[in-house]
Amino acid sequence: MSSQPGLNVIALVSGGKDSLYSILHCIRNGHKVVALANLYPKQTKTTAPDDSHDAHEDGDEEEEDIDSFMYQTIGHSVIPLYETALQIPLYRGAITGGAVDTSRVYRNTATAHQQNDRAGQGEEDGDETESLIPLLRSVKEAHPEANAVSAGAILSTYQRTRIEDVAARLHLVPLAWLWQYPVLPPPVERKDGSALSANIADAGLLEDMAAVGCSARIIKVASGGLDDTFLWEDVSSSFSSSTRGRIVKAMRRFADADVGGVRGAVLGEGGEYESLAVDGPGFLWKRRVEVLGREVKVGEGGVGFLGLRGAVCVDKEEDDGVKPGDVRRPGVLDEKFDALLDGLSLGAEAEAAAPRVSEQWQCEPVQANNGGLWTISNLSAPEAGPDAGKQMSAIAEKVKTILSTGDNQSTDDIVFATVLLRSMTDFTSMNNIYVSLFKKPNPPARATVACGSALPDGVNIMVSFVVDLGPRDARQGLHVQSRSYWAPANIGPYSQAISVPVLAPASDQESSKLVYIAGQIPLEPASMEMITWETLSQQKQVQQSWMADYALRAVLALQHLWRIGAAMQVDWWVGGVAFLTDDGNKHIQAKARLAWQAWAKMHMRPEENGDEDDEPTLDAWDLKYGRRDYVYEQTSSTKSGPGLPNFNLLQKPDPADITTNTIPPFLAAQISELPRGSDIEWQGLGCVCDEVSVTTDKPVAEIGVGADACTTAIDKKLNYICVEIGEDSGSDLESRLQGILRVYGQGQEHMVLYTAKALRDGFVWPGQIVPCLSVWGREGRRLGGGVVIQCS
């Protein structure tokens with residue numbers, strides 16, 4: 001459990017199984033639900049909540065569901081009873097407006113002031129998302145302690161981003177405990193390979209609901225696989241496993257046509273069915289809901305639904321004995337990362353390796369234009385004085401001026417940023433200015449590290465940007481701000497990932513994509529605190545040591561990178577960098593070797609590919625409504641591959657290649673500090689492609705003894721080259737770098753230099769510089785420097 005004080009949560013309830021089950025997870029994670037909030041269709045007759053909700057028998061049958069894009073409205077007449085059933089205050093508001101902004105990610109461009117002013121006016125032509133604003137404001141007025149809001153989003157980016165947008169404007173922490181739940185680790189009993197476990201795997205969330213006594217009835221069906229015989233069937237009780245089996249069987253026949261995947265369809269995420277929660281464990285449900293009458297109705301397109309004729313709250317027969325701790329929290333580590341952690345060699349420590357003593361650095365601002373990408377590197381502003389906020393303000397003005405010289409570019413075109421600080425104590429003042437650069441829903445991915453005294457004298461902040469020159473609507477972003485079990489929520493002005501098309505011939509039907517992923521530290525997603533062994537649901541018998549603790553952090557942060565990559569349909573990692581810290585510098589060599597070992601093991605070919613079960617992450621809400629921007633992002637979602645990495649794409653070497661392996665380029669860079677006091681941060685560049693090759697070479701003649709180059713080639717369009725410069729090279733760093741430029745430099749590449757040795761006056765590196773305390777490469781060997789080159 002978190003050591004932080006619990007949140008006071010406003011639970012958004014639709015009546016469906018997911019929003020009510022999310023309340024159980026709020027309580028399971030140590031939070032208090034202080035109020036329920038619900039939006040109902042304005043044109044229907046409904047009874048406002050009052051002091052007595054034991055009965056709702058006014059004889060008025062609710063009108064037909066309005067099919068809101070955002071809210072479940074079927075069954076809305078029963079919602080007032082939840083106040084009595086759960087004994088939590090309920091607040092309701094009418095849905096106004098419609099689905100005006102129908103993009104997958106909410107792109108409301110009005111200022112917060114304009115949005116807030118407009119939200120309370122009930123404009124009929126506004127977006128229905130704005131209906132949440134006056135509702136949640138009224139709850140906050142009645143419960144000023146409220147500081148979070150929960151919702152039941154599972155796969156719907158459409159729904160999640162809208163709730164996150166509203167939460168941010170009202171300063172509420174968004175909670176989405178069920179986000180990506182179908183791909184999270186199942187309990188041990190579902191891994192035994194039996195026919196039963198295979199049958200219920202797709203209904204795992206429903207099984208977890210059943211395990212704690214939930215009951216939710218199907219009140220609407222809208223899929224060719226489900227007819228009106230499923231109406232009023234219980235999808236989530238312990239007595240309805242046969243119903244879940246029928247749904248799984250039906251959806252396995254129809255899920256392909258829906259492109260939503262079996263698991264999402266079984267859960268109703270594509271609108272296959274909608275449910276009404278009527279009971280649950282006694283620690284939440286003090287009474288249960290009983291519907292007095294119902295009538296089967298038929299809508300357009302084969303839709304079937306129930307007209308409900310009155311409902312009441314009734315006493316429960318007996319205490320079920322279910323406690324909050326019985327609500328299953330998915331395991332922190334996926335099966336393959338759990339196996340990775342077990343398989344890491346935690347043997348004898350390597351010898352301590354002293355960092356180099358850096359000389360005075362000179363990092364000149366440089367630019368490069370490589371096809372569709374423009375890099376602006378090493379921007380700093382020591383002239384603004386020592387205050388970090390003032391330096392960031394000056395850097396912001398510099399980058400805006402530079403972008404104004406381009407072809408209609410702006411900060412909206414930045415897709416990745418590297419922020420180097422002198423000290424993490426400068427983070428807040430930097431961040432307060434940095435956030436002002438970006439107004440769009442998906443700000444660029446970002447890596448932020450502190451380099452200490454390795455930065456040039458007087459420079460407290462140095463920033464490098466990658467700018468995409470392609471069409472803005474061709475990019476896709478992943479910006480999850482909700483707390484969940486999946487991966488850390490974004491708590492700053494950055495996205496988990498941004499994808500951009502790789503410059504390709506006009507004849508290509510589908511372009512390859514580069515996926516820039518933000519730096520990932522080992523936060524436990526549910527609590528947003530640093531992982532500890534006590535956090536793991538698996539009770540591992542581990543001899544506690546600094547190396548075992550570090551291994552756990554290294555593996556979890558790498559899993560975050562993997563999960564984000566999978567959500568972005570990444571096929572292969574083009575390359576990865578592990579930023580490391582080490583107080584006292586006693587263990588840095590061992591940390592670098594273990595990071596390499598983890599990276600290498602995750603890229604070894606599996607002995608058998610038959611047991612891979614990585615389904616694409618799909619947004620069934622948008623599939624249902626056929627949004628154009630969703631279709632673009634999910635063009636690779638129908639690929640049936642072995643997951644990440646996709647070894648089916650790995651090409652055989654050309655005869656001229658010296659060696660070929662499956663491990664993409666890797667560097668470990670020791671720096672001074674990382675966010676939240678972490679000692680490891682993974683940052684990766686992924687690709688979505690049809691063909692990839694990994695080759696290694698030893699360009700001794702041009703660069704010198706001890707130089708190794710590892711290259712990832714993507715669809716013959718782009719090369720990502722990592723050149724390792726051996727520490728004992730027998731020649732100065734500048735000579736080695738000049739050799740690299742002769743071999744690989746054409747003047748337009750994006751080049752990043754990681755080194756602990758300052759460059760001599762007069763030598764200007766034509767790319768980004770990351771000053772380090774030490775640099776490490778493949779096999780965990782110490783380097784004199786590492787150079788990453790990205791070219792097409």
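Quick note: numbers below take in every heavy atom, side chains included, and nothing from hydrogens, waters or symmetry partners.
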- [ ] Could you tell me whether R446 sits above the aromatic face of Y434, with NZ or CZ closer than 6.0 angstrom to the six-membered ring centre and within 45 degrees of the axis?
- [x] yes

Task: Qualifying residues under salt bridge (Lys or Arg N to Asp or Glu O under 4.0 Å), relative to E702, sequence neighbours excluded - done: none

Open item on the list: Using the rule given for salt bridge (Lys or Arg N to Asp or Glu O under 4.0 Å), can you reason through D412 versus K439, listing the C-alpha separation, both sets of side-chain angles and the distance that settles it, and then say yes or no?
Closed with: CA-CA 7 Å; D412 284 347; K439 307 299 183 185; over 6 Å; no

Task: Set of ring-ring contact (aromatic ring centres under 6.0 Å, His included) partners for F416, sequence neighbours left out - done: Y516

Open item on the list: Can you give me the closest heavy-atom contact between A567 and L478, atom names plus distance?
Closed with: CB-CD2, 3.9 Å

Open item on the list: Does either side chain, that of Q768 or that of N378, offer a donor lying less than 3.5 Å from an acceptor on the other one?
Closed with: no

Task: Distance flag, aromatic centroids of F647 and W572, threshold under 6.0 Å - done: yes

Open item on the list: Distance check, rounded to the nearest 0.5 Å: T411 atom OG1 versus Q409 atom CD?
Closed with: 11.5 Å

- [ ] Take the angle between the ring planes of W599 and W682 and call it parallel below 30°, perpendicular above 60°, tilted in between.
- [x] parallel

- [ ] Look at atom NZ of K398 and say whether more than 12 heavy atoms of other residues, nucleotides or ligands are closer to it than 6.0 Å.
- [x] yes

TODO: Return yes if some donor-acceptor pair links the side-chain N/O of D387 with the main-chain N/O of G389 below 3.5 Å, else return no.
DONE: yes

Open item on the list: Is a donor from one side chain sitting under 3.5 angstrom from an acceptor on the other, for D715 and S512?
Closed with: yes

- [ ] Establish, from distance only, whether the side-chain atoms of S499 and Q476 form a donor-acceptor pair under 3.5 Å.
- [x] no

Task: Charged tip of R160 within 45° of Y158 ring normal and under 6.0 Å - done: no

Open item on the list: Please determine whether a side-chain nitrogen of the Lys or Arg among D708 and R778 lies less than 4.0 Å from a carboxylate oxygen of the Asp or Glu.
Closed with: no

TODO: Tell me, please, which residues at least two apart from R742 pass salt bridge (Lys or Arg N to Asp or Glu O under 4.0 Å).
DONE: none

Open item on the list: Using a strict threshold of under 4.0 Å (side-chain N to carboxylate O), is an ion pair present between D165 and R169?
Closed with: yes

Open item on the list: Could you check whether W596 and H603 have their ring centres less than 6.0 Å apart?
Closed with: no

- [ ] Fit a plane to each ring of W486 and W179, take the angle between them on a 0 to 90° scale, and name the class: parallel (under 30°), tilted (30 to 60°) or perpendicular (over 60°).
- [x] perpendicular

